[in-house]
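Just so we're clear, the structure is a prediction, and the values are computed from it rather than from any experiment. Below, chain A is the first sequence line, B the second, and so on; all start at residue 1.
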Amino acid sequence: MAKKYWLLKSEPDCFSFTDLMQAPDRTTYWDGVRNYQARNFLRDEIKVGDQVLYYHSGGPSPHIAGLAQVVRAGYPDHTAFVPAADHFDPKSSPDDPTWYMVDIQAQEELPRPLPLSELREVPALQDMVLLQRSRLSVQPVTADEWRAILAQAKRPR
DNA sequence: GCCAACGTTGGC
DNA sequence: GCCAACGTTGGC
């Protein structure tokens with residue numbers, strides 16, 4: 001299976017790319033996804049070695065902050081089993097988990113953060129899921145889009 | 001803070 | 001199974 005590309009959204013106040021860089025082994029589990037389409041990607045399609053764009057949503061200038069890779073493929077999101085947890089879901093149980101997560105490891109910051117407003121100006125990205133007003137927190141990215149984003153980040157502005 | 005987009009819930 | 005109401009996301 002060829003390596004695939006994904007975009008993961010996080011609110012930087014919640015868990016930023018810097019937080020990930022400073023985490024033990026620069027790795028965290030990506031918990032809390034409670035959307036079925038995103039769950040399906042996490043459970044079925046995201047594999048070890050896949051590449052990840054780390055996107056900061058919210059704030060005055062939402063942007064892609066850095067690059068990460070998948071270091072563990074989909075497994076049950078245990079935070080759904082904990083009544084006191086933010087994303088507790090009584091429908092999900094260890095015997096029949098509803099929600100899944102993956103582990104990601106930070107690789108590097110982009111040479112500069114790429115704001116959403118700039119991504120909208122790149123012709124190669126016009127069909128990117130992120131730019132279609134998508135609320136999905138886990139989105140597929142094509143190889144062409146990945147290349148265009150890295151190229152854009154290397155270009156000074 | 002507003003509001004559009006969109007997913008989920010629940011009555012019928 | 002339809003669809004209105006409601007809640008959430010997230011850009012602006």
Side-chain angles (χ1 to χ4, degrees), chain A residues 4-23 28-46 50-68 70 73-104 106-107 109-142 144-153 155-157:
Chain A
K4 285 184 282 198
Y5 303 93
W6 306 94
L7 180 142
L8 299 186
K9 286 184 193 171
S10 179
E11 299 210 18
D13 288 348
C14 179
F15 197 83
S16 70
F17 187 72
T18 303
D19 293 332
L20 182 60
M21 289 289 271
Q22 293 171 354
T28 192
Y29 54 82
W30 196 262
D31 67 310
V33 172
R34 298 292 180 264
N35 167 285
Y36 286 99
Q37 202 180 345
R39 185 279 310 269
N40 292 345
F41 288 136
L42 293 170
R43 186 188 59 186
D44 304 331
E45 300 207 36
I46 302 184
D50 285 0
Q51 297 290 114
V52 170
L53 298 169
Y54 198 109
Y55 179 78
H56 285 167
S57 64
S61 178
H63 57 275
I64 299 171
L67 307 180
V70 177
Y75 62 107
D77 180 345
H78 55 76
T79 67
F81 311 143
V82 181
D86 282 349
H87 300 286
F88 172 63
D89 182 354
K91 293 193 303 297
S92 188
S93 71
D95 287 342
D96 185 17
T98 305
W99 305 114
Y100 283 73
M101 59 189 183
V102 300
D103 289 357
I104 61 168
Q107 292 181 302
E109 287 191 353
L110 287 183
R112 62 193 179 88
L114 279 183
L116 184 62
S117 56
E118 183 176 341
L119 298 176
R120 292 192 189 284
E121 297 170 9
V122 180
L125 300 180
Q126 62 179 5
D127 294 329
M128 193 177 176
V129 177
L130 181 69
L131 304 187
Q132 314 309 314
R133 293 202 191 92
S134 175
R135 291 165 43 187
L136 258 188
S137 61
V138 177
Q139 303 180 354
V141 173
T142 69
D144 285 345
E145 289 162 354
W146 177 272
R147 281 191 290 272
I149 285 162
L150 292 200
Q152 188 70 21
R155 186 174 305 162
R157 143 74 45 182

When you measure from every atom of DNA chain B, which of residues 28-38 of chain A have a heavy atom less than 4.0 Å away? N35(A), Y36(A)
Pairs under 3.5 angstrom only: tabulate donor-acceptor contacts from the side chains of residues 118-125 of chain A to other protein residues two or more places apart or in another chain.
from, atom 1, to, atom 2, distance (Å)
E118(A), OE1, R112(A), NH1, 3.1
E118(A), OE2, R112(A), NH2, 2.7
E118(A), OE2, Q152(A), NE2, 2.7
R120(A), NH1, L131(A), O, 3.4
E121(A), OE1, R157(A), NH2, 2.8

Could you work out, with side-chain contact (heavy atoms from CB on, under 4.5 Å) as the rule, every residue matching [X], not counting sequence neighbours?
{"X": "P12(A)", "answer": "S16(A), H56(A)"}
{"X": "Q126(A)", "answer": "none"}
{"X": "A38(A)", "answer": "V33(A), N35(A), L136(A), S137(A), V138(A)"}

Applying salt bridge (charged side-chain N to carboxylate O under 4.0 Å, His left out), can you list everything that pairs with [X], at least two apart in sequence or on another chain?
{"X": "D19(A)", "answer": "none"}
{"X": "R43(A)", "answer": "none"}
{"X": "R155(A)", "answer": "none"}
{"X": "E109(A)", "answer": "none"}

Parallel, tilted or perpendicular, as decided by the 30° and 60° cut-offs, for the rings of Y36(A) and W99(A): tilted
Outermost nucleotides of DNA chain B that come under 4.0 Å of a non-hydrogen atom of chain A: dA5(B) to dT8(B)
If you take any heavy atom closer than 4.0 Å to DNA chain C, which residues from residues 51-58 of chain A end up in contact? Y55(A), S57(A), G58(A)
Show me the pairs that pass salt bridge (Lys or Arg N to Asp or Glu O under 4.0 Å) and involve residues 83-98 of chain A, at least two apart or across chains. D89(A)-K91(A)
